[in-house]
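Worth saying up front: this structure is predicted, and the values here are computed from it rather than measured. Below, chains carry the letters A, B, ... as their sequence lines are ordered, and counting in each starts from 1.
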Amino acid sequence: MKKGESTNEAYFKVDSRLLLQLGEQLVSNPAIALAELVKNAYDADATEVSVTLENVQEKTGGTITIKDNGLGISPDRFTQTWMRIATTDSNDNPVSKFFKRKRAGEKGIGRIACKNLAKELTIISISENDSGEKIELSANFNWDLFLPGSELDKVPVSYSTKIVESSKPTGTELILKSTANKWTIKNIERLNLELTDLFSPVIFKKEFKGQFASKQDSGFSYKVKADEFDLADYSISESFLKSAWAVVTGTVDSSGKAQYELKVLNPIINKFKKNYVREGNFEFLQNMHTEIYFFKYAKEYFKNSTWKFQQAQKIGRDRGGIKIYADVFKVYGFGDPEDDWLRLSDDKSRAIGSFIEDRIKVPSIDRRPALQLFDNRGLFGYVQFDKKSNEKLSISINRESITKNQAYEELVHFVRTAVNFATVVYSDERLKKANIEKAEEEERERKVREEAEKAQQEAEEERKKAEEEEKEAKLKREEAERSAKKKEEERLEAEEIRSHIESEFDTLWDRIIELEEKKKSLTPHDLEELKKLRSQFQQIRSNLYQAKAKEKKLQDEVYIEIAKAAQTALLELNARVTTFEKYKEAATKGIEIKESEVEKQKEKYNEELSILRVLASTGTLIFIFSHEISSFISDVRELKKSFSSAIKKSDEKEKKKYQTALSLFDNKVEMVHELRNFIDITGGRQSRSELSQFFVKSIVDDISKPFAYETKRRGIEIINEVPPYIRTPIMYRSEIVAILINLFTNSVKFVTNTDERKIKFEAYEDKNDIIVIRCLDTGRGLIEEKWEEVFDPFVSYAELDIYFGAGTGLGLKIVRDIALGYGGEVKFVHPPQEWKTCIEIRLPLMGQ
Amino acid sequence: MEILFIDDDNEEFTRLQGLIDSDESDIKAILHRISPSENLIGNPDVILVDYQLTNPEGIRKASNVSGLDIGASLRADHPAIPIILFSYKDRTKLASVQKSIGNQIFDEMLFKDDFAGSDKSLINFLSILCKGYSKISHVIFPDGKFVKEADNKVKLYEILAAPSEALDDIDSLLGWNEPFFTDDWTPFGLASMIRKELMDYPGILYDTIHAATFLGISEKSFKKIESFFNSAKYQGVFSDEKNFWWKCTLKEIADGIMKGDELKVPYSHGFYKAWKRKEGEDLELAECCVSKQKPAECVCCILNEPVIIRYTLPYPDITPRPPTMDESRASFKAFLENRAKVIFLDKDSKKIFDKYLEDLKSHAS
């Protein structure tokens, strides 16, 4: 070796600052730091742990004690493991000594974090050695000594050991003195929450016994004591979960196959179970389990629950979410109130009808199931996976994130599919219920109508019967009247006879009186006559009596007959009244039926009217917007002009850069300008008030022009093959524009994601003076079963388009309404080869 | 140049000031602002009136007084100052009715769109207008007042720098306008006649597209040989606004090189042949916007594109044009593009157009 040459070895030294930095960076908040220490107790086979916080509320300098009844730390373990940063202990000893619990300790970040919690740490731990002796270890860490600049392995930590009575229980007590921060109720709540959710809910479940710990494991419980605070119980009771609409359990087996089972707890219609098997296998996931309770905060689900509806809503806000557990322990952050790892809030806020990604699609009856998507507030559950068989799911050291890779995406899909499955079942159930209710309502209405119709019919029949009765009574009355008349005639005859006899009697009587008065001077002839007269008198008197009697009898008979006639007349009148009453009844029922029909129609019109009102106000908004945009465009142009003149002064390179940006910007401004003009032409008064025949080719050009920039950007070719002479019937410009723009934008949406992107308009005039306009595209096509359905209002199969938005499902309805209004029609037809969709509009050129 | 802006909203003024500041013209312009209730200040060369005036408190709502009212009263008091309606709102807000009223009050109705974002200079435009006004005032209204004199017509010819062949047409234009201002000429009246009739309707003067099409050649060709027609160029008042040529002088110059058969056909069919013969140069011909045939013979009044006459139909103007001017004709293309309306056609024209459509159809099949 020459002079000045030497070979040496150098070593990394670790500065004490590292401890501080590790502590700060690994553990984001004190609650998590304490939770980490509680985990250590679990690893040490403790069955109970208590966390006591004293004098921490008002000031710093309090004390936190974590005490467990585990196996304790032996002196060897203390020096070799406890004092070693980033120890591999949990890798070397993956299960605990006694209960064979799957250990979590990871790299021992809990104890590093102690430095940030308090200035001083004291450990008192009693363990049992191989020969059955109980050894107490006491160690004291004064963190102030670990000054930045000092070497970590040069700062001494003093500890002592002694043998203690064998009756003393094993266990560890960590005393954190002189706490560094004040604890608020929020911190304590967070601590409580973290501890509540720290362990996977499955580990002590019967069905999992033996999987995460030995069967003898009697469980693990914690207690937080903080007398300064008023602490509530944070565990979610089973009675609460029972108020859920349903629970879904899902598993991924060792081949990556995912299966789900949904069990309805509080039915919308019926209680049932339903299974779903996901198509295909997960590439990176296996041995995974999820259980999710689904809540919709509707009063009907809490009818039988001990939980009040509002109370439940609050719990949902505070505690809802799906947690992730790797083996036994929670991965912090996931499923916390602000977390949306399943992108539920995101999707819900966009109000998309269908699930966009195919991978998480679940077939459904309802066409827009995603509108019913559950959000985090309504979900209580977890996903738990086995770390060993899911190596690609890599959890960060601080256990607060999972590396975003394909495996993580699969994990999201696994759980999201469970949510979507429940959502689809839920929305289908809702739809079914709505259909049932509708059917019931219709049935009710039908019954009411039927009853009314029946009543009407019955009334009608009764009316007829009454009418018959009336007729019969009339006949009887007439009969009685006739016979009364006859009797009267007879009576009159008898009266005449009587009166004749009476006059005869009177004459005779007068003669007898006359002769009687002449008594003294009666001649024999007279006497003879008188005698004769007297005998005649007897006879006539008797005749008269008879005649009178007969007349009287006849008179009575006449009365009877008249009474009879009157009686039948009354009957007839009654029957007539009944007829009228029944008639009225039938008519009333008829009116009722009509009224209910009218009422229904009215409801329908009111609904339509409200939609129209909304549309009308949207129209106004569009015009305000259009005017505002126009003034905005001129501002932007003005600004651009100033900017252009400003950049003229800058150097060549800069100038070029700005000019390129400016010309791109210019394109956009011009596009907005074109669109605005288009809105004006289409929606302007003239467009709505002036009837004319329009040349279709030019309208197609007018429509595609404002979107030229966007369609070009998407590589869509627009072919306008409408012959120049094709004219519309006499109509409003806004109508033909509405027809064509709806077809155009639909096609643009459908061709955007396909390989070939072409849209063609063609038209011809057929023999019957009907113009036929066709719009063809090379999009993803529409199956024939849906050809009619898409014309129903609010039905849309278009997916959300970033530029054109999601379909309202009104476009084709509007197209059809306009076409029908002109006696025309619109329908999908089989497209010619090389095209995927063809929609055809036929408009008669009547009155041209 | 002093510009006065009448508006009650400081924001609009700031924006106008911004527009003027960004103007790259060399002319120095000073902008003042007054509210509609104030009296005119200084000695403005031109007045701009905002279309939409707000109420005195500046709260944005339509006040009873509009720019039209203010303009009308200013116009009566100041016939010798150009007054312009200037709006930040969009053009569509001014309905055609207001436009026709506006034409009788204002020299021009301008919108910010006309200048913002384009290379057109507002200051240049205003200065041309002022220059024209001052020339008219100087020659015809020397003491600020019009005195009816026999030689006023001659003075008008003078400010128009009109060739003698055009005088009859100008007289006829004056006659058409007689009811409006013969007894009481005002600079505004004259300026309107010149700018809104003489220069606006092709007939006595031609702009580039009309001049080129009249000669049967494309605009591009015409610009190339423009110097040949230098003496036909309109040099009169407001001539800086746009290039115009006297139609009569164009004819005269063209006649100068045309011979024999060339003279028996319209200029559009004879001139380019004469040019070829004389200069040995093929001129690009005006292309018909309907049939693509060449040369086109006239200009479509709607699309402002060259067209062969048989592909056009007489089309009514919204406001009647002076009879001295060329007939207004719209091309079939304008109808096919829904820009011109078939319902405005008379019966005979409609028949012609239907026949054209039939031809198109049979041609297609």
**Study point:** Nearest heavy atoms of A/S698 and B/L336, plus distance in Å
**Key:** OG-O, 2.6 Å
Review point. What pair of heavy atoms forms the shortest contact from A/F695 to B/N338, and how long is it?
Key: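 Answer, listing the atom of A/F695 first, then B/N338: N-OD1, 2.6 Å.
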**Study point:** A/I699 versus chain B, the contacting section by heavy-atom distance below 4.5 Å
**Key:**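 Both parts, backbone and side chain.
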Practice item. Answer with side chain, backbone, both or neither: which region of A/P723 has an atom nearer than 4.5 Å to a non-hydrogen atom of chain B? Key: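 No part of it gets close to chain B.
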Check your understanding: A/R727 versus B/V342: any side-chain heavy-atom pair under 4.5 Å?
Key -> yes
Check your understanding: In terms of heavy-atom proximity below 4.5 Å to chain A, should B/F332 be classed as side chain, backbone, both, or neither?
Key ->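 No part of B/F332 comes within 4.5 Å of chain A.
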Exercise for review: Please lay out, stage by stage, how B/E337 and A/D702 fare under the test side-chain contact (heavy atoms from CB on, under 4.5 Å).
Suggested key: CA-CA 9 Å; B/E337 287 185 354; A/D702 291 347; over 6 Å; no
More than 12 heavy atoms from other groups under 6.0 Å of [atom1] on [X]:
X: B/K292; atom1: NZ; value: yes
X: A/K705; atom1: NZ; value: no
X: B/K131; atom1: NZ; value: no

Point to revise | Approximate separation, where rounding is to 0.5 Å, of A/Y725 OH and B/L357 CG | key: 10.0 Å
